Amino acid sequence: MTTPLDRLPAAQRALLRPADGRPPRSPMLATLSDRRSFDERWLFERKLDGVRALAVCDADGPRLLSRTGRVVDTTYPEVVAALAAQECGDLTVDGEIVALRGGRTDFSLLQQRMGLTDPRAVRASPVTVTYYLFDLLALDGWDTTRLPQRTRKSLLRAAVDFRDPLRFTAHRNTADLDEACAKGWEGLIAKRADAPYQPRRSRDWLKLKCSLGQEFVIGGFTEPAGSRAEFGALLLGYYDGEGRLRYAGKAGTGFSGRTLRALGARLAGLRRPASPFSPAPADRTATWVEPELVAQIAFTEWTRDGLLRHPRYLGLRDDKSPREVTRERPA
């Protein structure tokens, strides 16, 4: 029986290696960039605002793994079921799980599914998720990560039966960031068409953003004012090259009443007597917490003092370790 791998030219078949059945320790990660000029060696995908997920399908069935390697099968059972229905029982794929609102990815909406593990709660959730696949790491017992990016995408399209909630992440051969932003997209991911898959952050994948935003570690909160309950604003930071948590500012918007109550309860259990920031911000109303929670934050720019301007809370991330959170700087 002919498989997609059999149709590869001899030079590319020589790049295949036997797969060991294990997903990479880390997915390949893109580098933030303000580059806008590209040649024909690049291809461009829609930047998705969701959670990264690797899927491994083998004789034991499918396993859906978060960016940190945590099994998330019970949170997204419809994705697992769609993977189990594939004719190919031996493949490893990379993609992003998203929630769509009006055709746009909505991280705040996805938050309502991310923390659910009880089957009854998952079935009762009104949030529908979609798994956008954009890379193929193994197929039919062979490791495909050394193949060029464009070849891996072609194999992915041929190997998977794309029915909801599985979707193929389409790409273009030219970049038009202005058009992407006008559509309400988060931006574009530029990928070197001839590059292999590398389980680390690489400049072969570049993030071209429409607006600023990234993850930050929560190191404390301020007292609520007026009619607000639980807390006023989150105190945010990131780790520098010396392992210190640097203060980046406070986010006091983006919270619903439900979010305030749920997040307030989690913060209450993480209180600590001293600031985790180095140096500590001067805020007399601050309550310090262990730096264990990672928040997705949108903002307009960095100030000259290294603080966030107009930060807005979007949600918690459970797919990234706090120690991984650094300040993103354009390459």
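Since the model is a prediction, treat every value here as computed from it, not as a measurement. Nothing fancy with the numbering, it's 1 onward along the sequence. When reading the values below, keep in mind they use all heavy atoms of this one structure, side chains included, and skip hydrogens, waters and symmetry mates.
Between the side chains of Gln112 and Ser125, no donor N or O sits under 3.5 Å from an acceptor N or O. Side chains of Tyr238 and Arg246: a donor-acceptor N/O pair is absent below 3.5 angstrom, by distance only. Defined by atom type and a distance below 3.5 Å, a donor-acceptor pair is missing between the side-chain atoms of Thr303 and Asp305. For the residue pair Asp204 and Gln198, a side-chain donor N or O sits within less than 3.5 Å of a side-chain acceptor on the partner. Under 3.5 Å, the side chains of Ser256 and Thr259 contain a donor-acceptor pair of N or O atoms. Arg41 and Asn173 share no donor-acceptor pair across their side chains, judged by distance under 3.5 Å alone.
With a 6.0 Å radius and a threshold of 12 heavy atoms from other residues, nucleotides or ligands, Arg120 has its CZ atom at or below the threshold. Counted within 6.0 Å of CZ on Arg157, heavy atoms from surrounding residues, nucleotides or ligands total 12 or fewer; the atom is thus considered open.
Here Lys209 pairs with Glu328 in a salt bridge; the nearest charged N to carboxylate O distance falls below 4.0 Å. With salt bridges taken as basic N to acidic carboxylate O contacts below 4.0 Å, none links Asp143 and Arg17. Between Glu96 and Arg67 no salt bridge is recorded (no basic side-chain N to carboxylate O distance below 4.0 Å).
Under a 3.5 Å cut-off, the side chain of Gln214 and the backbone N or O of Thr326 do form a donor-acceptor pair. Judged by distance alone, with hydrogens and angles left aside, the side-chain atoms of Thr31 form no donor-acceptor pair with the main-chain N or O of Leu206 at under 3.5 Å. A donor-acceptor pair is defined here as one N or O able to donate and one able to accept, closer than 3.5 Å; no such pair exists between the side chain of Tyr197 and the backbone of Arg146.
For the side-chain hydrogen bond (donor to acceptor under 3.5 Å, both in side chains) criterion with Arg152, the lone passing option out of Thr144, Asp135, Asp94 is Asp135. Each of Trp302, Phe299, Tyr247 was scored for a side chain to side chain contact (heavy atoms under 4.5 Å, CB included) with Leu307, with one residue passing: Tyr247.
Between Phe168 and Phe134, the distance from one ring center to the other does not fall under 6.0 angstrom. Phe44 has its ring centre less than 6.0 Å from the ring centre of Phe38.
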Which pairs would a plain distance check flag for residues 265-282, meaning a side-chain donor or acceptor within less than 3.5 Å of a matching protein atom at least two apart in sequence or in another chain?
residue: Arg272; atom: NE; partner: Ala274; partner atom: O; Å: 2.8
residue: Arg272; atom: NH1; partner: Glu290; partner atom: OE1; Å: 3.4
residue: Ser275; atom: OG; partner: Phe277; partner atom: N; Å: 3.0

